[in-house]
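What follows is a short report on a single structure.
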Amino acid sequence: MVYTVTLNPSLDYVVGVEKFQDNTINRAKSENIYPGGKGNNVAVIVSELGTESKALGFKAGFTGNIMEEMLRTYKCNTNFIPLEEGMTRINVKVKSDTEFEINGQGPNISEEKVQALLNKLDEIIDGDVLVLSGSIPKTLPSDIYERILARLQDREILIFVDTTKKLLFNTLKYHPFLIKPNLEELEEMFECKIKEEEEIIKYARKLQDMGAKNVLVSMACKGAILLTQDQEIKKMSAPKGVVINSVGAGDSMLAGFLVGYLKNKDFTYALRLGTAAGSATAFTSGLADKDKIFSLLNSEENSVQRILEILDQEYGTEKSGFYHHQNWQLLIAIMLSAQSTDKQVDEVIPALFDNFREVEKMADAPVEIIESYIRSIGLYKSKAKNIKACCRKIVDEYNGEVPTTIEGLLTLAGVGRKTATLYLADAYGIPGVTVDTHVFRISKRLGWAKGNNPEQVEKELEKVLPKDHWNRINFQLIYHGRAVCTARKAKCEQCILSPGCEKIMD
């Protein structure tokens, strides 16, 4: 069960005005009423995504009853402490060419009612989740969050906290599982102006040093950055869309992240689902529904972009190059890597290239001598013959220089399209998609390609992938194919690319 505590709940009256004008009557073009408060927003999205939630807090008057009834229509369980005086506040949110809010004060809350809420927290058991979210009314003691956490600190409960400055700082000594400041709140907490991503990471680390296990920094249209308890840094850009409503977007991100994490304890998937949920709410007039969230999560454009971001984080953006002195040696190293591992190639090429420093010497060498250097490499006999013939042609027809075009490279013995493309990428940074068995298999499983041969798949991937990713997709999918997406039996339950994979969705 996911429990949310909203100490300052509300009914949100959201009014759309064509163009707001001062000192005159403005007529609404749209109006909606929602159960408000950050914790309530989290409860709604958690329930919408299929995880049971229970909203806790205080309610007063007819507005409190309406708020609770509306939460139940969103399939949230509720257990609010009723107050005898006052009423749950009404917050007016005006959406026009500019946005502004008028937030109500809310009712007085006595110490007796605070104690009643604390007693209700005793129903939370090990394995449950508690979300403390939002501001606190002036009538509550400023240490209310600390009192809640102190009461629960000896239990195995995942604590998520989303509040501001001093309230947040004071919870860190209880080591919450995750805190979610947005960029502006991070600046406010450390009294600074953040301009670079490295600064976000620096201040998020400070929050970890102060006690937070995981820190999720939301950055509106720029996505989010997560620092995990294992010192990993994960980044996710926001899906593209038209922002209609910023209210509740951060709460939706927290809820999506929470549900995603509970699903399989995978931070990458949690970040993907959280970013999709936050953006889905930003692109709608109220809180997003499940269909909108998963539509964004699995949309072709956004799915491809997120998979590429995951591959970058998991396998890096640069592959260490093969040992070589000259470009012709780099070409030979790539030829040797066909149907062999990089480790096998790395073991033989230092001695090979230190002995054959000139292409002419390799061209003149007996095949048997070349074989002796590469005997541990698969298909070493045919590769030795191709190496000699390739070097001979480079010397005789290209004046000792390796061709710099695909067409020229394909005239060399042992050089196919994949080898030629890899060589141009490694030697000159020329963008090109290389398709080996791993790329061929995984790109089809991801739904990126449907071709029946490497040439067709290459053309399809050039259309699907941004050009700046062409040169690294090969080694990333090779690593993923060897470790997870294997040919015989893919380990889908371990895959970091779910649910963007058509194989998994089938």
Checklist entry - Can Ile374 and Lys383 be said to form a side-chain contact (heavy atoms from CB on, under 4.5 Å), step by step? => result CA-CA 9 Å; Ile374 63 170; Lys383 288 179 180 178; 4.3 Å; yes

Checklist entry - Between Lys381 and Glu371, does at least one N-O distance fall below 4.0 Å, as a salt bridge requires? => result yes

Item to check | Value rounded to 0.5 Å, distance of OG in Ser382 from CE in Met335 | outcome: 9.5 Å

Checklist entry - Relative to each other, are the rings of Tyr423 and Tyr428 parallel, tilted or perpendicular (30° and 60° limits)? => result perpendicular

Checklist entry - Crowded around Asn453 CG? As in, over 12 foreign heavy atoms under 6.0 Å? => result yes

Next on the checklist: Could you check whether Lys388 pairs with Asp364 (Lys NZ or Arg NE/NH1/NH2 to Asp/Glu carboxylate O, under 4.0 Å)?
Outcome noted: no

Item to check | side-chain contact (heavy atoms from CB on, under 4.5 Å) evaluation trace for Leu227 with Leu216 | outcome: CA-CA 7 Å; Leu227 273 69; Leu216 175 61; over 6 Å; no

Checklist entry - Got Asp342 and Phe322 here, is their nearest side-chain heavy-atom distance under 4.5 Å? => result yes

Item to check | NZ/Lys467: more than 12 non-hydrogen atoms of other groups inside 6.0 Å | outcome: no

Distance-only criterion, 3.5 Å: show the donor-acceptor pairs between side-chain atoms of residues 275-288 and protein atoms not counting sequence neighbours.
from	atom 1	to	atom 2	distance (Å)
Thr275	OG1	Leu271	O	2.7
Ser279	OG	Thr275	O	3.0
Thr281	OG1	Ser252	OG	2.7
Thr281	OG1	Ala288	N	3.1
Thr284	OG1	Ala280	O	3.2
Thr284	OG1	Thr281	O	3.2
Thr284	OG1	Gly286	O	2.9

Checklist entry - Which heavy atom of Lys95 sits nearest a heavy atom of Val247, and at what distance? => result NZ-CG2, 3.3 Å

Next on the checklist: If I compare all heavy atoms of Val345 with all of Ser337, which pair ends up nearest, and what's the gap?
Outcome noted: CG2-CA, 3.6 Å

Checklist entry - Between Ala212 and Leu172, what is the shortest heavy-atom contact and its length? => result CB-CD2, 3.9 Å

Next on the checklist: Against the six-membered ring of Phe257, is Lys180 placed for a cation-pi contact (under 6.0 Å from the centre, within 45° of the normal)?
Outcome noted: no

Checklist entry - Should Trp448 and Ile307 count as side-chain neighbours, where that means a heavy-atom distance under 4.5 Å? => result yes

Checklist entry - For the atom pair NZ (Lys166) and OG1 (Thr171), what is the distance rounded to the nearest 0.5 Å? => result 13.0 Å

Throw together a table of side-chain donor-acceptor distances under 3.5 angstrom for residues 193-203, partners on residues two or more places apart or in other chains.
from	atom 1	to	atom 2	distance (Å)
Glu197	OE2	Lys235	NZ	2.4
Glu199	OE1	Lys195	N	2.8
Glu199	OE1	Glu196	N	2.8

Checklist outcome for this item: Output for pair (Cys492 SG, Gln494 CD), nearest 0.5 Å, gives 10.0 Å

Checklist entry - Are a donor atom and an acceptor atom from the side chains of Gln231 and Arg205 found within less than 3.5 Å of each other? => result yes

Checklist entry - Going by an N to O cut-off under 4.0 Å, is there a salt bridge joining Arg417 and Glu458? => result yes

Checklist entry - Can you check whether Asp436 reaches Phe440 side chain to side chain, under 4.5 Å on heavy atoms? => result no

Next on the checklist: A quick test of your reading: do over 12 heavy atoms of other residues, nucleotides or ligands sit less than 6.0 Å from NZ of Lys385?
Outcome noted: no

Checklist entry - Where do Thr486 and Lys491 land on the side-chain hydrogen bond (donor to acceptor under 3.5 Å, both in side chains) test, with the steps shown first? => result CA-CA 7 Å; Thr486 54; Lys491 303 171 185 176; 5.9 Å; no

Checklist entry - Can you tell me how far CG of Leu412 sits from SG of Cys391, rounded to the nearest 0.5 angstrom? => result 9.0 Å

Item to check | Electrostatic pair Asp126-Arg155, nearest N-O below 4.0 angstrom | outcome: no

Checklist entry - Where do Leu311 and Leu477 come nearest, in terms of heavy atoms and distance? => result CD1-CD2, 4.0 Å

Checklist entry - Will you find, in the side chains of Ser53 and Ser47, an N or O donor that is under 3.5 Å from an N or O acceptor? => result yes

Item to check | From CD (Gln329) to CG (Asp354), nearest 0.5 Å | outcome: 8.0 Å

Checklist entry - In a check of side chain to side chain contact (heavy atoms under 4.5 Å, CB included) between Ser133 and each of Thr163, Asn40, Thr4, Asp251, which one passes? => result Asp251

Checklist entry - Does the gap between the ring centers of Phe177 and Tyr261 come in under 6.0 Å? => result yes

Next on the checklist: Is it the case that over 12 heavy atoms from other parts of the model lie below 6.0 angstrom from the CD atom of Gln339?
Outcome noted: no

Item to check | Asp312 bridged to Arg472 by N-O distance under 4.0 Å | outcome: yes

Checklist entry - Under 3.5 Å, is there a donor-acceptor pair linking the side chains of Ser237 and Lys222? => result no

Item to check | Side-chain H-bond candidate by donor/acceptor type, His438 with Asn474, under 3.5 Å | outcome: no

Checklist entry - Under 6.0 Å from the CD atom of Glu347, do we count more than 12 heavy atoms belonging to anything else shown? => result yes

Checklist entry - Mind checking whether Phe356 and Tyr373 have ring centres under 6.0 Å apart? => result yes

Checklist entry - Between atom CZ of Phe353 and atom CH2 of Trp328, what is the distance when rounded to the nearest 0.5 Å? => result 6.5 Å

Next on the checklist: Do Thr434 and Asn471 have side chains that approach each other closer than 4.5 Å (heavy atoms only, starting at C-beta)?
Outcome noted: no

Checklist entry - Is any side-chain heavy atom of Pro454 less than 4.5 Å from a side-chain heavy atom of Thr437? => result no

Checklist entry - Is there a side-chain contact between Asp162 and Leu132, using heavy atoms and a 4.5 Å cut-off? => result no

Next on the checklist: Using side-chain contact (heavy atoms from CB on, under 4.5 Å), reason through Leu497 and His480 one step at a time and then give a plain yes or no.
Outcome noted: CA-CA 10 Å; Leu497 305 184; His480 191 65; 3.7 Å; yes

Item to check | Nearest non-hydrogen partners of Ile157 and Ile125, listed with the distance | outcome: CG1-O, 3.8 Å

Next on the checklist: Taking NZ in Lys165 as the centre, count heavy atoms belonging to other residues, nucleotides or ligands within less than 6.0 Å. Is the count above 12?
Outcome noted: yes

Checklist entry - Could you walk me through whether Val131 and Leu258 pass the side-chain contact (heavy atoms from CB on, under 4.5 Å) check? => result CA-CA 10 Å; Val131 179; Leu258 189 162; 3.5 Å; yes

Checklist outcome for this item: Closest non-hydrogen contact found for Gly223 with Met253 is O-CE, 4.3 Å

Checklist entry - Are any side-chain N or O atoms of Gln229 and backbone N or O atoms of Asn214, one a donor and one an acceptor, separated by less than 3.5 Å? => result no

Checklist entry - Side chains of Leu226 and Leu178: does their closest heavy-atom pair fall under 4.5 Å? => result yes

